[in-house]
Amino acid sequence: MTRTPLIAGNWKMHKTIAEAEAFIQALLPRVAAARSDVAICPPFTALGAMVDSARGSGVHVYAQNVHEAGSGAFTGEVSPPMLVELDVHGAIVGHSERRQLFGETDRALQAKVPALLDAGLVPILCVGETEEEREAEQTQRKLRQQVREALAKVDDARLADVVIAYEPIWAIGTGKVATPEQAQDAIAFVRALVNDRSRAAGDAVRVLYGGSVKPDNAAELLALPDVDGALVGGASLDAESFAAIVAAA
Ligand code: PGA
């Protein structure tokens, strides 16, 4: 089974449209020969501009969140059809910052993941344990719960269309990257959970690593047998360092 690696940059709440334009102009020539899939995830305000600027380049544009409903009285939210209208490729859902700071629940994700798929968008579903959970040897229990719950309403035939990002929370923005063994073990476990649902989907589903991925540690992580790419935060804000991670894939 060959799975095309995906390197996705999660900008979080960074970059105005002007800053995003400067970034994409610097990035495109640097990733023109990339053999992996490349994606950027700007704030909502820069999505339209980034889709226009990346058109024809092979770089895909994802949102960082989405509401599960098509429309409704949900002040401040954005729906899948609104992303489709912009020609956005997909959306991150369940990022640990959304879970911890904005109350995103596994139950909400159970609706968001199928809503994205139904709209023709690619979900990047984030899962991962806290430092306390890892120390208490609760990592697998946490991953099992998050993956099972979030994928509960996805048909087996669509499972492989979901991208899963394993992001240990203690590694996000801390410079404390998972060891290759920790990353491989957790990601193989996530794949096995999908395998329990469908053998074919488990083989085909892309599982990314995220958490302090930098140009100098990317090659080692991306060479691991079950790691199909990276979700990059801090190092994705600079075109040169993001392109170096793409090159490592
Ligand atoms: P980081 O963030 O690369 O800055 O650790 C990763 C993420 O939050 O997706």
Side-chain angles (χ1 to χ4, degrees), residues 5-15 19-20 23 27 31 36-44 46-47 50 59-66 88-104 109 112-113 116 122-131 133-134 139 142-143 146-147 150 162-180 182-183 186-187 190 206-222 224 227-249:
L6 168 62
I7 308 298
N10 172 16
W11 292 359
K12 311 190 177 183
M13 198 173 72
H14 293 285
K15 295 194 192 296
E19 290 163 348
F23 173 97
L27 181 73
V31 298
S36 56
D37 289 347
V38 180
I40 53 171
C41 313
F44 284 123
L47 286 175
M50 289 305 94
V59 173
H60 288 145
V61 179
Y62 285 63
Q64 299 173 15
N65 182 29
V66 71
V88 161
H89 199 73
I92 298 173
V93 287
H95 190 278
S96 61
E97 286 151 17
R98 302 271 349 146
R99 293 179 190 259
Q100 290 186 320
L101 304 174
F102 303 101
E104 176 105 289
L109 293 166
K112 288 186 180 196
V113 175
L116 284 166
V122 177
I124 300 179
L125 168 68
C126 299
V127 296
E129 82 287 0
T130 63
E131 188 151 37
E133 287 164 338
R134 175 158 286 272
T139 299
K142 177 71 169 292
L143 294 177
Q146 289 184 324
V147 171
V162 179
V163 175
I164 304 175
Y166 166 64
E167 299 203 302
I169 295 170
W170 46 270
I172 295 178
T174 57
K176 212 165 128 186
V177 67
T179 65
Q182 287 170 330
I187 287 178
V190 167
R206 291 188 291 182
V207 189
L208 317 183
Y209 169 79
S212 295
V213 176
K214 308 285 176 213
D216 63 359
N217 61 25
E220 187 177 31
L221 290 161
L222 293 168
L224 297 167
V227 175
D228 302 318
L231 184 56
V232 186
S236 76
L237 294 173
D238 174 74
E240 207 165 315
S241 74
F242 187 56
I245 294 169
V246 171

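Just so it is clear, the values below take in all heavy atoms, side chains as well, and ignore hydrogens, waters and symmetry mates. Counting starts at 1 for both ligands and their atoms, following the listed order.
When each atom of ligand 1 is checked for a heavy atom of Ile172 under 4.0 Å away, the hits are 2 (O), 5 (O), 8 (O). Within ligand 1, the atoms closer than 4.0 Å to a non-hydrogen atom of Gly211 are 5 (O), numbered from 1 in the order shown. Ligand 1 places these atoms under 4.0 Å from at least one heavy atom of Leu231: 9 (O). Numbered from 1 in the order shown, with element, the atoms of ligand 1 that lie under 4.0 Å from a heavy atom of Gly173 read 1 (P), 4 (O), 5 (O). Every atom of ligand 1 is numbered from 1 in the order shown, and the set under 4.0 Å from a heavy atom of Gly234 is 1 (P), 3 (O), 4 (O).
Remark: minimum distance from atom 7 (C) of ligand 1 to any protein heavy atom is reached at Glu167 OE2, 3.2 Å. Atom 3 (O) of ligand 1 has Gly233 N, 2.8 Å as its closest protein atom, hydrogens excluded (heavy atom only).
Here the shortest heavy-atom pairing between Pro168 and Gly210 reads CD-O, 3.3 Å. Closest approach of Ser212 and Gly175 over heavy atoms only: OG-N, 2.7 Å.
Residues Ile7 and Leu222 are in side-chain contact: their nearest non-hydrogen atoms beyond the backbone lie under 4.5 Å apart. Contact check for Asp37 versus Arg206: side-chain heavy atoms found under the 4.5 Å cut-off. Within the 4.5 Å cutoff, the side chain of His60 has no heavy atoms near those of the Leu6 side chain.
The closest approach between a heavy atom of His95 and any atom of ligand 1 is below 4.0 Å.
Classified by interplanar angle (parallel below 30°, tilted 30° to 60°, perpendicular above 60°), the ring pair Phe23/Phe242 is tilted.
Remark: ligand 1 and Lys12 share an N or O pair separated by less than 3.5 Å (distance only, no angle test). Checking only distances, Lys214 never comes within under 3.5 Å of ligand 1, N or O to N or O.
The part of Ala171 lying near ligand 1 is the backbone, judged by heavy-atom distances below 4.0 Å. Within the 4.0 Å heavy-atom criterion, the part of Asn10 lying near ligand 1 is the side chain and not the backbone.
Looking at Arg99, its side chain never comes within 3.5 Å of a backbone N or O of Glu104 through a donor-acceptor pair.
Partner Lys142 forms a salt bridge (charged side-chain N to carboxylate O under 4.0 Å, His left out) with one of Glu129, Glu167, Glu133 and no other, that one being Glu133.
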